[in-house]
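Below is one structure, written out as C-alpha cells; the observations come after it.
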Protein chains: 2
Amino acid sequence: MARTSGSHAKITGPKIQEAAQRLFARHGYAAVSMRQIATEVGVQVGALYNYTPDKQTLLVGLMTSHLEELLSAWGQEGAVATAAARLEQFTRFHIRFHKERPDAVFIAYMELRNLTPKNFETVEVLRRRYEGALEEILRSGVTEGAFAIADTKVATMGIIAMLTGLNTWFREDGRLSFDEVEDLYWGIVRNSVGLAG
Amino acid sequence: MARTSGSHAKITGPKIQEAAQRLFARHGYAAVSMRQIATEVGVQVGALYNYTPDKQTLLVGLMTSHLEELLSAWGQEGAVATAAARLEQFTRFHIRFHKERPDAVFIAYMELRNLTPKNFETVEVLRRRYEGALEEILRSGVTEGAFAIADTKVATMGIIAMLTGLNTWFREDGRLSFDEVEDLYWGIVRNSVGLAG
DNA sequence: TAGAAATAAGAACAATTGTTCAATTCCTGA
DNA sequence: TCAGGAATTGAACAATTGTTCTTATTTCTA
C-alpha cells in the first residue's frame, strides 16, 4: 500500500494534533506511543513523520498554540472602565476559556517537565505574558485605590492557581451549573482583592 | 555475585522509595524506568522486586503515605478557639507542610491518571478527607457569622488550589522569603472569606 | 493527460521496557 | 560455628519504543 484514497494533509494534520492532545491529556506524554496516536488517527506510524519531526515537537506545538490562543482571545476582549470591572472580566474569561479546553490546559500544566530546556523557555515566556495581564489589572486597581492587595505578584499567582484549579474538580453533572460556579468564583476573587460585595 | 556486603532491607527499602519519589517527580512516572531507580539506589533492577510487586505499587505507596502523613500532621495541630484562627492555622499549616515535600506533592497531583481505578479511589478518599477538614472550618465560620461565603464546598476547592499552587512558583532565592509569602497568602485567604483585615 | 508532488504503507532498526528466576553470597540467631 | 533465611546479582524474556527509509499510490498542476 501507499498513499490512500482521500488522504490530505489538511485533514490528517489536524487529526494528528487532536489525537495527540487527547491521548497526552489522558495518559501523559511519556505513556503515549507514536503508534497509539497513529491508530487513533487511522494511519500507520510512519505517516506521522510527514507532520512532525519528532514526538517532542508534537508536544511543544500543542502547548504553544494553546497559550497563543489564550493570549489572542484575551486580547480580543473589549475595554472596560474600572479595574474592578476588568478583574471581573478576566476572572470570567479565564474560567470560561479554560473550561472549553480541558485537555490543552492539562497538558500545558502537566507536561512542562517533558520539554527540552529551550522549548520550556518558549512556553514560559507565553505563560508569563498571560500572568502579566492579570498583574497589570491588579496594579491599576491598587493605583485606583479600589483594591487592597499587599503584593500584586503574589496575588496574581494565587488567583490564577485558584481559577485554573476549577478544571480539576468541576463536573457538568454536578451539584452546581457552570454559571453558578463562575459567579461563586468571581465572588471569591472579588473578596480576595478587598473589593466590597 | 549475589547478596552484597552490608545490604539490608531497612536501608534499601527507604532508599528505593526516595529514589522513586525523586525520579517520578522530576520526569514523571511513565518516563522513569525501573532500571533508573535501581541505578539511583545503587542496585540491580531485580533487587527492586523484593520491595515492590510492581511499578504501580511503588507509585500508589508514595501517594498514600504522603496523604496519610498530611492527615496525621494536621490531626496533631493544637485546638484553637475561633473559626478565623482555625482558618489561619490551616492556611499556614498547609503551606508549610507542602513546601517541605515538593516531590511528594507533585506526584500526588500529577500522577493520578497513572493509577488503576482501585488505587485511584483509595487516594481520592484520603484527599477528600483532607478537603473535608477545610470545609468544616469554613462551615463553622459561616455558622459563627464570621465568614461571608456563598458556598463552602466551592470555597474549599478554590482555597486549596490557591495554596497548593504556591509550590509551582515559589523559589527560595526569589524576591520574597517564605515567611513573607506565607503572610501574604494568609492575607489573601482572609480576604477571600470576607474577614476584616 | 502526462509528469511531478504529495501522502501514506509497511518493513526494519537498535534500544529499552517491566518482570521473572535460578544461582550465589551475606548475615543473624541459637 | 553453622544452618537457614535474607538480600542481591545477572541473565533472560517477549513486547514495545521512536525513528528512518524505501516503495507505492493518489492527487495536483500545467
Side-chain angles (χ1 to χ4, degrees), chain A residues 1-24 26-63 107 111 113-116 118-119, chain B residues 1-24 26-63 107 111 113-116 118-119:
Chain A
M1 287 285 257
R3 178 167 190 172
T4 54
S5 170
S7 64
H8 204 302
K10 293 255 159 67
I11 297 177
T12 307
K15 266 190 169 179
I16 289 173
Q17 294 196 333
E18 287 158 23
Q21 182 165 91
R22 188 169 41 246
L23 289 170
F24 288 168
R26 205 93 75 216
H27 308 108
Y29 172 76
V32 173
S33 72
M34 295 297 271
R35 281 169 184 80
Q36 283 177 63
I37 298 172
T39 300
E40 192 93 344
V41 174
V43 101
Q44 294 301 312
V45 65
L48 298 184
Y49 289 85
N50 291 332
Y51 299 88
T52 182
D54 48 37
K55 196 183 172 192
Q56 165 85 193
T57 304
L58 209 45
L59 175 62
V60 73
L62 290 173
M63 288 189 179
I107 292 169
E111 302 294 355
R113 61 189 168 187
N114 285 309
L115 294 177
T116 61
K118 193 180 159 188
N119 285 338
Chain B
M1 287 284 258
R3 178 168 190 173
T4 55
S5 167
S7 62
H8 203 302
K10 293 254 158 68
I11 296 178
T12 306
K15 266 190 168 181
I16 290 173
Q17 293 196 333
E18 287 157 22
Q21 182 165 89
R22 189 169 42 244
L23 289 171
F24 287 167
R26 206 93 77 216
H27 308 108
Y29 171 76
V32 173
S33 72
M34 295 297 271
R35 280 168 185 80
Q36 283 177 64
I37 298 172
T39 300
E40 192 95 344
V41 174
V43 99
Q44 295 300 312
V45 64
L48 299 185
Y49 290 86
N50 291 332
Y51 298 90
T52 181
D54 49 36
K55 197 183 171 191
Q56 165 87 194
T57 304
L58 210 44
L59 174 63
V60 73
L62 291 173
M63 289 190 178
I107 292 170
E111 303 295 356
R113 62 190 168 187
N114 285 308
L115 294 177
T116 61
K118 192 180 160 188
N119 286 337

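- Closest to the side chain of A:Arg35, out of C:dA12, D:dT20, C:dG18, is C:dA12.
- Of the candidate nucleotides C:dT7, C:dT19, C:dT17, C:dT7 has the atom nearest to the side chain of A:His8.
- If you measure from atom CG of B:Leu48 to atom C1' of C:dT17, you get 14 Å, rounded to the nearest angstrom.
- Residue B:Ile37 is tested with B:Val45, B:Val43, B:Leu48 for a side-chain contact (heavy atoms from CB on, under 4.5 Å); the sole match is B:Leu48.
- Looking at which nucleotide of DNA chain C each of A:Val43 and B:Ser7 is closest to, the 5′-most match is held by A:Val43.
- With rounding to whole Å, A:Lys55 atom NZ is found 4 Å from D:dG18 atom P.
- With hydrogens and angles ignored, the 3.5 Å screen pairs a side-chain donor or acceptor of A:Gln56 with a backbone N or O of A:Thr116.
- Checking the phosphate oxygens (OP1, OP2) of C:dT7, no side-chain nitrogen or oxygen of A:Tyr49 falls inside 4.0 Å.
- In this structure, NZ of A:Lys10 is placed 8 Å from P of C:dT7, rounded to the nearest angstrom.
- Below the 3.5 angstrom threshold, one finds no donor paired with an acceptor across the side chain of A:Arg3 and the base of D:dA24.
- Separation of atoms CE (B:Met34) and CD (B:Gln44) is listed at 13.5 Å; rounding is to 0.5 Å.
- Without hydrogens or angle criteria, B:Thr52 side chain to B:Tyr49 main chain gives no donor-acceptor distance under 3.5 Å.
- With rounding to whole Å, A:Asp54 atom CG is found 17 Å from D:dT17 atom P.
- Between the OH atom of A:Tyr51 and the C1' atom of D:dG18 there is a distance of 19 Å, given to the nearest Å.
- Nucleic acid contact class of A:Val45 (heavy atoms, under 4.0 Å, all strands): base.
- Between B:Thr12 and D:dA7 there is no side-chain polar atom (N or O) within less than 4.0 angstrom of OP1 or OP2.
- The side chain of B:Gln44 approaches D:dT9 more closely than any other nucleotide in the set D:dA7, D:dT9, C:dT7.
- Contact annotation for A:Ala9: backbone-only contact, meaning every heavy-atom pair under 4.0 Å involves sugar-phosphate atoms and none involves a base.
- Comparing D:dT17, C:dT17, C:dT19 by their closest approach to the side chain of B:Gln36 singles out C:dT17.
- A donor-acceptor pair under 3.5 Å is absent between the side-chain atoms of B:Lys15 and the main chain of B:Glu40, judged by distance alone.
- Using a 4.0 Å heavy-atom cutoff across all strands shown, B:Val32 reaches sugar-phosphate atoms only and no base atom.
- Here the nucleotide nearest the side chain of A:Met34, chosen from D:dT9, D:dA24, D:dT19, is D:dT19.
- Between B:Ala47 and B:Gly6, the residue anchored nearer the 5' end of DNA chain C, judged by the nucleotide with its closest heavy atom, is B:Ala47.
- Between the B:Thr12 side chain and the B:His8 main chain, a donor and an acceptor come within less than 3.5 Å of each other.
- For the OP1/OP2 pair of C:dT16 and a distance below 4.0 Å, the side-chain nitrogens and oxygens of B:Ser33 include no atom meeting the criterion.
- A:Ile37 places its CD1 atom 12 Å from the C1' atom of D:dT17, with the value rounded to the nearest Å.
- Summarising the geometry, the separation between NZ on B:Lys15 and C1' on D:dA7 is reported as 14 Å, rounded to the nearest angstrom.
- Within the structure, every side-chain polar atom (N or O) of B:Ser5 is placed at least 4.0 Å from both OP1 and OP2 of C:dC26.
- Whole-Å rounding puts the A:Ile11 CD1 to C:dA6 P distance at 17 Å.
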